[in-house]
Amino acid sequence: MRILLVTSSARGHALADALYRSPQKPELIAVSPSRNPGIRRLAKEQHVMDIMDFPKLIDLAKKSTIDFAVIGPDDPIGGGLADELEKVDIPSVAPKKALARLESSKGFTRDLMKKYNIDASPQFFVLTRHESGPSGRGNEDEIRTILNDLNGHYVVKYDGLKGGKGVKVSGEHLPTIDDGVAYALDCIEEGGRVVIEEKLIGIEFSRLAFVSGSSVVPMPAVQDHKRAFEGDTGPNTGGMGTYSDANHSLPFLTSDDLKQADVINQQIADAVMKECGEPYKGILYGGFMATKNGVKVIEYNARFGDPEALNILPLLKSDFVTICQKIIDGSLTQKDVLFENKATVCKYITPKSYPDAKTEKGETVAFPFIPENARLYFGDISENDDESLHLEGSRTAGIVGIADTIAESESIAESLCEEVQGPVRFRKDIGTKKLIDARIAFMKKLRP
Ligand code: AMP
Ligand code: GLY
């Protein structure tokens, strides 16, 4: 069996690892924008090419007699790679373009939720370009009124894929109403639409699921840490680290929170199938916030999270290749998916100056021996012919500790991260008791 793995980053390495572990012994034909040392060791072939060059990709897929494709990142999924592969009879574990609008258009998702009575959105407004105003900025008055009506507690979202950088939050990135108006107008100018939302207060978590039409099978819940520095400060990043618990929930959630998230994921899968007239097949990533008034949707993604995949995939006891086959043929059920009851903590090693600069690019980095109870997944890193490893500009590698408790997993990940040699850093606080206790206390205060 031959699987086309379209990927980049540590998430791609984790996907390759999960496929490689299959008793079906698939051959992986990996395509990525740069040579990933982890994937190189697992794949039969690794092709370095632009993963948005669909004609070239299709050509390679046809020549390689591929059974099915697994597509990791948002850009090729949002751009419709699954549609192109289907035209040459290669099925994908990834939704087609229309269904992937769950991620590629925030306005689509909010409108879908409204249309299908999925009651988990904050107050929201989807505005499209209004040409009548002075110099094409005709939405200004409307935007100002909305931001004032939300009492200055708002979030402005670019309505398209922007590498996780399209969302700006009042008080954090947008200090004044004028800043909010200016950013919303920029979004409209660039993309023709903007989404403005009420700013929710609560704690975020990720609940991913394997989806095949109306069959929605949840994975362990994960908490991500997007801010660059300790104490959740600094700019947003792709995610500095994550943790999951042995019971597959999170310490600050009630079982009802998790049930609500699962019901919403099911409703979304059903709604998007009805709306698009075909089943969603792939990974559904619900980004939620537990609030005073229940669980709300922050965003949807049409793919595995990074780093979430690094926590989830090592725990998968079932054969990932079988899960992929069942997603494709529509026969997936809960009993096909078993996860170990272990806790995980993932910490990302990044260049010292990440995310502000790329001053360490090219410098050598070396990793310690990785024991059985840990994983090392390579991200934005390059490998020389002598197998020495060098930093690129973005997140270098995820180190995951796996144990019975979050505390033990944290200490495994932490001590391995300490041993990495090179001009790198990581967030020491992710997965620590202090940080988790603070989350529990916050939720207790929010809903006594
Ligand atoms: P998104 O790309 O939609 O996940 O947004 C990025 C980040 O912005 C999220 O992880 C949240 O921290 C924040 N965010 C997005 N929407 C809201 C909202 N309605 N209320 C509060 N924070 C939000
Ligand atoms: N962990 C955030 C994301 O993958 O979008």
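Numbers here are sequence positions counted from 1. Both ligands and their constituent atoms are indexed starting at 1 by order of listing. Keep in mind that the numbers below use all heavy atoms, side chains included, and drop hydrogens, waters and symmetry copies.
For an aromatic pair to be called close, the ring centres must be under 6.0 Å apart, and Y348 with Y354 fails this.
Under the 3.5 Å distance criterion, the side-chain polar atoms of R447 are left unmatched by any main-chain donor or acceptor of K444.
The shortest N or O to N or O distance between E299 and ligand 2 is not below 3.5 Å. Of the polar atoms of D224, at least one N or O is found under 3.5 Å from an N or O of ligand 2, judged by distance alone. Any N or O atom pair closer than 3.5 Å counts here, and R11 shares no such pair with ligand 2.
Interface atoms of ligand 2 facing N301, defined by a heavy-atom separation under 4.0 Å, are 5 (O). Close contacts of ligand 2 with E308, meaning ligand atoms under 4.0 Å from a residue heavy atom, involve 1 (N), 2 (C), 4 (O). Taking a cut-off of under 4.0 Å to the non-hydrogen atoms of G305, the atoms of ligand 2 that pass are 4 (O).
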Go ahead and list the nitrogen or oxygen contacts between ligand 1 and the protein that come in under 3.5 Å, distances to 0.1 Å, or just say none.
| residue | atom | partner | partner atom | Å |
| --- | --- | --- | --- | --- |
| ligand 1 | 2 (O) | K106 | NZ | 3.2 |
| ligand 1 | 2 (O) | E299 | OE1 | 3.2 |
| ligand 1 | 3 (O) | K106 | NZ | 3.1 |
| ligand 1 | 3 (O) | K157 | NZ | 3.3 |
| ligand 1 | 4 (O) | E299 | OE1 | 3.0 |
| ligand 1 | 4 (O) | E299 | OE2 | 3.0 |
| ligand 1 | 10 (O) | E204 | OE1 | 2.7 |
| ligand 1 | 10 (O) | K226 | NZ | 3.2 |
| ligand 1 | 12 (O) | E204 | OE2 | 2.5 |
| ligand 1 | 16 (N) | K157 | NZ | 3.0 |
| ligand 1 | 19 (N) | E197 | OE1 | 2.9 |
| ligand 1 | 19 (N) | E198 | O | 3.1 |
| ligand 1 | 20 (N) | L200 | N | 2.8 |

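With F108 as the aromatic partner, R101 meets the cation-pi criteria of under 6.0 angstrom to the ring centre and within 45 degrees of the ring axis. Geometrically, K162 engages Y158 in a cation-pi contact, judged by NZ or CZ lying under 6.0 Å from the ring centre and within 45° of the ring axis.
For Y243, the ring-ring contact (aromatic ring centres under 6.0 Å, His included) partners two or more places apart in sequence, or in a different chain, are H225.
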For this session: Apply salt bridge (charged side-chain N to carboxylate O under 4.0 Å, His left out) to the pair D319 and R21, showing each step before the final yes or no.
Result: CA-CA 8 Å; D319 175 9; R21 289 199 310 265; over 6 Å; no
For this session: I would like to know whether R425 and E230 meet salt bridge (charged side-chain N to carboxylate O under 4.0 Å, His left out); could you show each step before the answer?
Result: CA-CA 11 Å; R425 67 175 188 89; E230 266 142 49; over 6 Å; no
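Not a single heavy atom of G239 sits closer than 4.0 Å to an atom of ligand 2.
Contact annotation for T242 and ligand 2: no heavy atom of the residue comes within less than 4.0 Å of the ligand. Residue R303 touches ligand 2 through its side chain alone, judged by heavy-atom distances below 4.0 Å. When non-hydrogen atoms are compared, ligand 2 lies under 4.0 Å from the side chain of Y285 (C-beta onward) but not from its backbone.
Within the 4.5 Å cutoff, no side-chain heavy atoms of V155 are placed close to those of K168. At a threshold of 4.5 Å between non-hydrogen side-chain atoms, the residues R41 and Y20 do not count as touching. Counting heavy atoms from C-beta on, the side chains of L5 and L19 come closer than 4.5 Å.
For T350 and T396, the side-chain atoms include no donor-acceptor pair closer than 3.5 Å.
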